[in-house]
Amino acid sequence: MILLVGPSPHVNGSCSEGISVFASFSAWSARGRGSARITAGTLVSGLVTTAVLAGAGTATADDGDATEPGHSGAAATIAGLKTYGAAVIHGATGDQQVSAGLFEMSVEGGGMLQTYCVDIHTPTQKDAKYHETAWSGTSLGANDDADRIHWILRNSYPQVNDLAALAKKAGVRGQLTEQDAAAGTQVAIWRHSDGVDVDAVDPQAEQLADYLHKSARNQPEPKASLTLDPPAVSGRPGERIGPVTVRTDARGATILPPADAATSGVRIVDRDGEPVTTAADGGQIFFEVPEDAAAATAELTVQASTTVPVGRAFVSDSRSQTQILAGSSESTVSATASATWALQGAIPALSARENCAKGGVDVTVANQDDEPFTFELAGAEHTVAGGASRTVTVALSEDQPYDFTVKGPGGFEQRFTGMLDCLTRAAEIGTTTHTLTGSSPAPVDGTPTDTNLAETGAAAVTPWIAGTAIALVVLGGAGLVVTRRRSSASGD
């Protein structure tokens, strides 16, 4: 069974921190009183709904044994825009001024990241949690210009921090500041990531953006900072189950055994059965399970300290704009792998990863038993031959949290949860800027807006929405009372 949970509430804005809400009152003066009363009632209802949704949390599934696909590498919390200038998005509904530049993230376990965003019309959610992922799990996976974005990152600020040299190479006339460099770089990225008509406000930033946009060349996707391949293995008690291969750009990594290793007797060893506590890139490790161990699953963690490669993508578990890495300090990265064993019967190892090219989640089932393993997924039955593996893609809706379970014989179940975020907002709705809340975005009227979304935080907007909604409810009610009294008087 697949459960699709409704999207978490958010307000559509540009690619900058915070939330922006606009309401047009032009209809009040352009229409008659009856039309104005209808407009007032509609606006009040919309704002009340907004206030309720703004206070609601993201819908999540029960913890249980749920597994989130493909999380390895760095995990971080976004802190907000730190170095930025201004840009203007030219859309069908008019121009909108937004902030453009570098975000900062704090890494769990230590470290700092600098990122640009690759989804101009989606806002960042305050203190959103992000994790490193492959391009295939983001809008970059289906973007032919993703390689060019990587080139821009490699050849501009902050990777190139000699601003005088950068300005000279780009043909920038005048002094190029850090703010100009950040804004120009972000604008060039947006042109490739979102396909929008956007310009930097400052002339120096715009000149840099033009140079980067036109000069960009293909730069292949960088490797992950740390992954384990495969992330799930299986076997029989008394065997060394694996191998699990460590892939990392770190000089070395520390292996943390299962939490209950002391009582379960499970050891982490090399191919020769010798205990290991560290590993290097390409190193292979195994789970050694006691012969008398009951059927169970164990998980190890590999942790390292490294600079995360420029160009790695970062996605949020909430609907917060996708980021791409521009710079990294020495940061903590980690990855997990699990082993499952049983005395008899099928012993499948399951793993999953989001695949934006196919619009779903790839579930890989490896069967280490000699006998076939039959399982049910997404309402269909599938069989994996003994000693083989099979990948099934579960098609999912964009921006919808998902919750599905793989079921097999003997009560076997493994559950996966997450949210598919494969399209930029521009790809979903066209290049028109949208700024009203709701699961189906509503366009703003043709009045140009000039708003710095980075200065409009969610914490400040939510009380404003609620207060405005209450005030309009009162005014709307008073207006109806006055209207009814006038109608009664004219009727007498």
Side-chain angles (χ1 to χ4, degrees), residues 17 68-84 101-118 124-138 140 149-150 152-161 178 182 185-186 189 219-229 231 244-256 277-283 299-318 320-337 353:
E17 64 176 328
E68 294 180 333
H71 291 199
S72 61
T77 300
I78 197 159
L81 274 169
K82 296 300 180 182
T83 307
Y84 59 93
L102 273 173
F103 289 83
E104 284 189 5
M105 294 189 186
S106 56
V107 179
E108 294 179 12
M112 293 296 295
L113 306 177
Q114 292 176 301
T115 61
Y116 290 104
C117 92
V118 289
T124 29
Q125 303 299 327
K126 182 176 174 59
D127 297 326
K129 304 291 185 182
Y130 281 79
H131 61 268
E132 181 184 344
T133 192
W135 286 0
S136 60
T138 73
L140 295 169
I149 295 171
H150 188 194
I152 291 171
L153 294 167
R154 291 278 184 185
N155 291 273
S156 190
Y157 182 76
Q159 288 300 303
V160 179
N161 56 21
E178 290 184 345
T185 305
Q186 178 65 92
I189 289 171
Q219 184 89 35
E221 179 180 3
K223 294 181 178 179
S225 61
L226 174 64
T227 57
L228 299 178
D229 181 29
V244 174
T245 302
V246 178
R247 307 289 186 193
T248 183
D249 63 351
R251 292 182 295 274
T254 300
I255 302 170
L256 307 176
T277 57
T278 60
D281 181 44
E299 184 177 86
L300 64 79
T301 299
V302 175
Q303 194 172 80
S305 181
T306 186
T307 54
V308 182
V310 169
R312 289 296 289 170
F314 280 78
V315 295
S316 173
D317 298 328
S318 60
S320 188
Q321 62 193 206
T322 301
Q323 304 281 319
I324 190 165
L325 190 72
S328 168
S329 70
E330 192 81 3
S331 299
T332 299
V333 295
S334 64
T336 60
R353 71 179 186 89

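Numbers here simply count residues along the sequence, with the first being 1.
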Where the side chain of [X] meets the backbone of [Y], is there a donor-acceptor pair that is under 3.5 Å apart?
| X | Y | result |
| --- | --- | --- |
| S329 | G111 | no |
| W135 | G311 | yes |
| S334 | V302 | no |
| Q303 | T332 | no |
| H131 | A75 | no |
| S320 | Q125 | yes |

Is there a side chain to side chain donor-acceptor pair (under 3.5 Å) between D249 and T306? Walk through the geometry before answering.
CA-CA 7 Å; D249 63 351; T306 186; 3.2 Å; yes
Side-chain donor-acceptor contact under 3.5 Å, [X] with [Y]:
| X | Y | answer |
| --- | --- | --- |
| D281 | T248 | no |
| T133 | R353 | no |
| T322 | Y130 | no |
| E132 | S225 | yes |

Going by heavy atoms in the side chains, are [X] and [Y] under 4.5 Å from each other?
| X | Y | value |
| --- | --- | --- |
| E104 | M112 | yes |
| L153 | I189 | yes |
| L140 | I149 | yes |
| T277 | T254 | no |
| V310 | R154 | yes |
| F103 | Q114 | no |
| L113 | L325 | yes |

Separation of [Y] [atom2] from [X] [atom1] (nearest 0.5 Å):
| X | Y | atom1 | atom2 | answer |
| --- | --- | --- | --- | --- |
| Y116 | Y84 | OH | OH | 14.5 Å |
| M105 | T77 | CE | OG1 | 9.0 Å |
| T83 | E178 | OG1 | CD | 6.0 Å |

A337 to V244 - nearest heavy-atom pair and separation
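Closest approach of A337 to V244, heavy atoms only: CB-CG1, 4.0 Å.
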Heavy-atom pair of closest approach, residues A304 and L226
N-CD2, 4.4 Å
With sequence neighbours left out, write down each residue that passes salt bridge (Lys or Arg N to Asp or Glu O under 4.0 Å) with E221, or none if nothing qualifies.
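R312.
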Could you tell me which residues satisfy side-chain hydrogen bond (donor to acceptor under 3.5 Å, both in side chains) with T115, sequence neighbours excluded, listed by chain and number?
Q323
For K223, enumerate each residue passing the side-chain hydrogen bond (donor to acceptor under 3.5 Å, both in side chains) test, keeping only those at least two apart in sequence or located in another chain.
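Checked K223 against side-chain hydrogen bond (donor to acceptor under 3.5 Å, both in side chains); zero matches.
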Please step through side chain to side chain contact (heavy atoms under 4.5 Å, CB included) for the pair L102 and L81, ending with a clear verdict.
CA-CA 6 Å; L102 273 173; L81 274 169; 5.8 Å; no
